[in-house]
There are 2 protein chains.
Amino acid sequence: MADTVTIEDIARRSGVSTATVSRALRGLPNVSPATRDRVQRVAAELNYSLDSRASRLASGRSMTVGVAVPMAGQWFFNQLSTAIEALMFLNNYDVVRYVLVGPHEQTLLFHQLATSKRVDGLIICTVALTDEDVQLLQDLQLPVVTIEKETPHFPSVTCDNTAAAEVAVRHLIELGHQDIGLITGLFQDPMGFTIPQERTDGYLKALAEYNIPFQERLRIEGNFSAAGGAEAMAKLLALDSPPTAVFTLSDEMAIGAMKTIRDAGLRIPQDISIIGFDDFYLSEYLGLTTIRQSVSQYGETAGAILLELMENPDSPHVKSIELPTQLIIRDTTGPRP
Amino acid sequence: MADTVTIEDIARRSGVSTATVSRALRGLPNVSPATRDRVQRVAAELNYSLDSRASRLASGRSMTVGVAVPMAGQWFFNQLSTAIEALMFLNNYDVVRYVLVGPHEQTLLFHQLATSKRVDGLIICTVALTDEDVQLLQDLQLPVVTIEKETPHFPSVTCDNTAAAEVAVRHLIELGHQDIGLITGLFQDPMGFTIPQERTDGYLKALAEYNIPFQERLRIEGNFSAAGGAEAMAKLLALDSPPTAVFTLSDEMAIGAMKTIRDAGLRIPQDISIIGFDDFYLSEYLGLTTIRQSVSQYGETAGAILLELMENPDSPHVKSIELPTQLIIRDTTGPRP
DNA sequence: TTGTAAGCGTTATCAC
DNA sequence: GTGATAACGCTTACAA
C-alpha cells in the first residue's frame, strides 16, 4: 500500500517542480540534460511512470484509438487490427477493437465512444455508415478513417474491387470457361456491405466484355465463411449443368467450396476451376488462385491518416487512397474440361 | 466548439447535484426512478456521457485490461483476444493487445503498463515469465492471469498438453505406424514457450507405451507457421526411410506439411498420415485429423478469473484451470501403408 | 434519496 | 530552463 508515488514525490526528490518532472519524463524540450537525467534516475528508483489516467484527463486526449469491425474473429479483420496496433503502439496510442453487430448498435457505439471521449479517433472497417452515423461523427468532431468502404465524408482506404474482380473472372474466361459460378455475400445484408456488389459488378463486366450472357442461376449467396462457401458450392453442383469454374468473393469461401468439390469426387482444376479473393495467408499452401490485396497495408495506411487527423484536426483534405491488387495464379484454375 | 458539456451542466439542468447525476447515469442504487429518468433525459438531450478520462482518474480504475500475446497475427491468439474482448465489453472494460517481442521488451512493457496504471489487469498468453517479471507484477500488485502457461504465481488456464499429444500419437500407433515424425517448435526459443516440450513429452510417452524406440532423426524443428511446417516436412521426406505418419504440433504447421507431401506426389493418408493440434477453424474443411481445444473457452475462462481478481484483489486462491481436449479424426490419418 | 466538497494526479499557461 | 498554479471533469465519503 506504499504504492502511491506521484509526480510530486519525484519533483521533491529531484529538487525541481512538477512541471519540470512532467517535461523531463515526456521528453519535451526546455529541460537541461542534467535535470532530465536526475529526474529520470529518481523516477526509475521509485518505479515511477506518469499516471496515464491523470495525463489523459489533463491533456484532454485519451491516447486511444478505436477500430470498429463487423467480425473480429476473421483473418482479414485481425490482420487489419494487428497492423494498426503495431503502428499505434509506436505512437503511444492504445488501440481497442469494437465489434459492430448491427446498424443500431453501431450508431449507439459511435455515439458512446465519441461523447465519453473514450477514443481520440476511429477506424471503421467495411460496414456502411448511415446518415445518422455520419452526422453524429461529424457533429462530435471525432476523427474517422474508413477501410474497405469509400464515403464522401471521411478519408478512406480501399481497392478497386470491381476492377480486381474483373481481372479474376477474365482469367477464368481466358482459360475457356463460359459457365462461371459466383459465390457472393448475403443478398440482404444488414450491415450494408458494398463489397459483394462491387465485386459482382466486376464479374458482370468481364462477362460482358466477352459477350457471355449472365446466368442468374450461377450466382449463389454465401456469407464470407468457409461454411457458407461449402454450402453455396453444393447448390452450384446440384444444378442441371453446373459451372466449370467458380469465382468466390473470398478465399475462405473458396476453401469451403473446395471441400464440397472434392467430396463430390471432382478434381480441381481438371473438372472445375476455382478462384478466390484476398490471398489469405494459407492460400499459398492450398494452391488457391486468388486476387491478392495487402491487408496490412490497408491498416497501416488508414492508421497513418488517422494519426495525422488526430494531430491536426483541421487538416481539410479528405484523402481517399486506393491500393493495388494482383492476380496470383496457382493451382486451382485450369482450362475448361 | 460548444462542445464541453460537463456533469455540472447536467446537474444544473436536472435540478440535482453532480453526485446524483453520477449515480443516476451509472445505474447505481439510491436514486429515485423519477430523478434517474429526468437526469437521463437531460443527458440524452445534450448528447452527454460521463467523460471516461475523468471517471477513470477519479475512480482510480483504468477500466482497461491488457492481453499480452507473442504473435497477434496468428489465428490462435486472435481467437483468444476476440473471446476476451467480447466478455470485457459486456463488463465495460476496454481491452488492448500488446505484442511481446522478446524477454527484455516484455519486462519493460509489464513495468510500464503497471506503473502508468494503463491497465487494471493483464492476461498473458503462452510466453514464459522470468523471475523478474513475476517479482514486478507482484510488487506492483497487478492482477494477472496466464493462458497456455502454468505458473505457481498466478491463476492460469491451460490444457494437459502432454496427455493430449499422447492421445494423438497413440491414434497413429494404433493405425499401425511405427516411424512417426514429429514437427515441433523452435528448439531454442527466445520466448521460453513450454508447449513444444510438453507435447513432445506426450509423443514420447505414447511411443514408450508401445515399446517403440524414439528416433531423434524424426524430430524436426518447425516454428508454428505453415511455412515452418512445409520446410520441416521436406526434411522428413528427404530421410533415408521417411516416417509413415507425422504429428505436427499445430494445425497451421500441418497445413504446410500437407502441401509438401502433395507436392512430392504422395497421397494423404494412403502414403503418409498427418495429425495436427488445435482444431484450427478451417481444419474441418481440409479434412485434417487433429486435437481440438476450445480456444475461445480459454479466453472466456481467463477473462472471468481476471474480472474476479480485479473486483476482489484479495481473492487469495490462485485457481488453475485445465480445459479438456479431444481427438477429432478426419481424413488425414489412415493405416500404415 | 440527495447534496457538499475534498480529492484523483496530471498538464499547460504564464511569469520569472 | 524552471516554477506556481489553475484547470481537467469526475467519484466518493460523509453529512443531511
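Sequence lines set the chain letters: A, B, ... in the order given, protein chains first and strands last, and positions in each chain run from 1. Basis for what follows: all heavy atoms, side chains included, without hydrogens, waters or symmetry-related copies.
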side-chain hydrogen bond (donor to acceptor under 3.5 Å, both in side chains) partners of [X], counting only residues at least two apart:
X     : result
A:S14 : none
B:S17 : B:T20
A:T64 : none
A:T18 : none

For this session: With sequence neighbours left out, write down each residue that passes salt bridge (Lys or Arg N to Asp or Glu O under 4.0 Å) with B:D51, or none if nothing qualifies.
Result: B:R53
Problem set entry | Polar side chain donor-acceptor pair, B:S320 to B:S156, under 3.5 angstrom | yes
Exercise. Starting at the 5' end of DNA chain C and moving along, which residue's nearest nucleotide shows up first, B:L57 or B:N30?
Worked result: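 Its nucleotide being nearer the 5' end, the pick is B:N30.
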Exercise. Do any pairs count as a salt bridge (charged side-chain N to carboxylate O under 4.0 Å, His left out) and have a residue in residues 9-23 of chain A, sequence neighbours left out, and if so which ones?
Worked result: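 Sorted result for residues 9-23 of chain A: A:D9-A:R12.
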Exercise. Is there any salt bridge (charged side-chain N to carboxylate O under 4.0 Å, His left out) pair reaching into residues 315-324 of chain B, and which pairs are they, with sequence neighbours excluded?
Worked result: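 Checked against salt bridge (charged side-chain N to carboxylate O under 4.0 Å, His left out) - neighbours excluded - the pairs reaching residues 315-324 of chain B are B:E308-B:K319.
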Exercise. What are the 5'-most and 3'-most nucleotides of DNA chain C lying under 4.0 Å from any heavy atom of chain B?
Worked result: C:dT1 to C:dG9
Exercise. Where along nucleotides 10-16 of chain D does protein come under 4.0 Å, by heavy atom, of base (B) or sugar-phosphate alone (S), with - for untouched nucleotides?
Worked result: BSB----
Expected list for residues 29-37 of chain B: side-chain donor-acceptor pairs under 3.5 angstrom, two or more places apart:
from  : atom 1 : to    : atom 2 : distance (Å)
B:S32 : OG     : B:T35 : N      : 3.1
B:S32 : OG     : B:T35 : OG1    : 2.7
B:R36 : NH1    : B:A24 : O      : 3.0
B:R36 : NH1    : B:L28 : O      : 3.4
B:R36 : NH2    : B:L28 : O      : 2.6
B:D37 : OD2    : B:R41 : NH2    : 2.7

Exercise. Looking across every strand, which nucleic acid part, if any, lies under 4.0 Å from B:S52 by heavy atom: base, sugar-phosphate, or nothing?
Worked result: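 Answer is nothing: B:S52 stays at 4.0 Å or more from every strand.
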For this session: Residues of residues 9-17 of chain B with any non-hydrogen atom less than 4.0 angstrom from an atom of DNA chain C: list those, numerically ordered, please.
Result: B:G15, B:V16, B:S17
Side-chain atoms of residues 80-89 of chain A: list all donor-acceptor pairs with protein atoms under 3.5 Å, sequence neighbours left out, distances to 0.1 Å.
from  : atom 1 : to    : atom 2 : distance (Å)
A:S81 : OG     : A:F77 : O      : 2.6
A:S81 : OG     : A:R97 : NE     : 3.3
A:T82 : OG1    : A:N78 : O      : 2.7
A:E85 : OE1    : B:R97 : NH1    : 3.4
A:E85 : OE2    : B:R97 : NH1    : 3.1

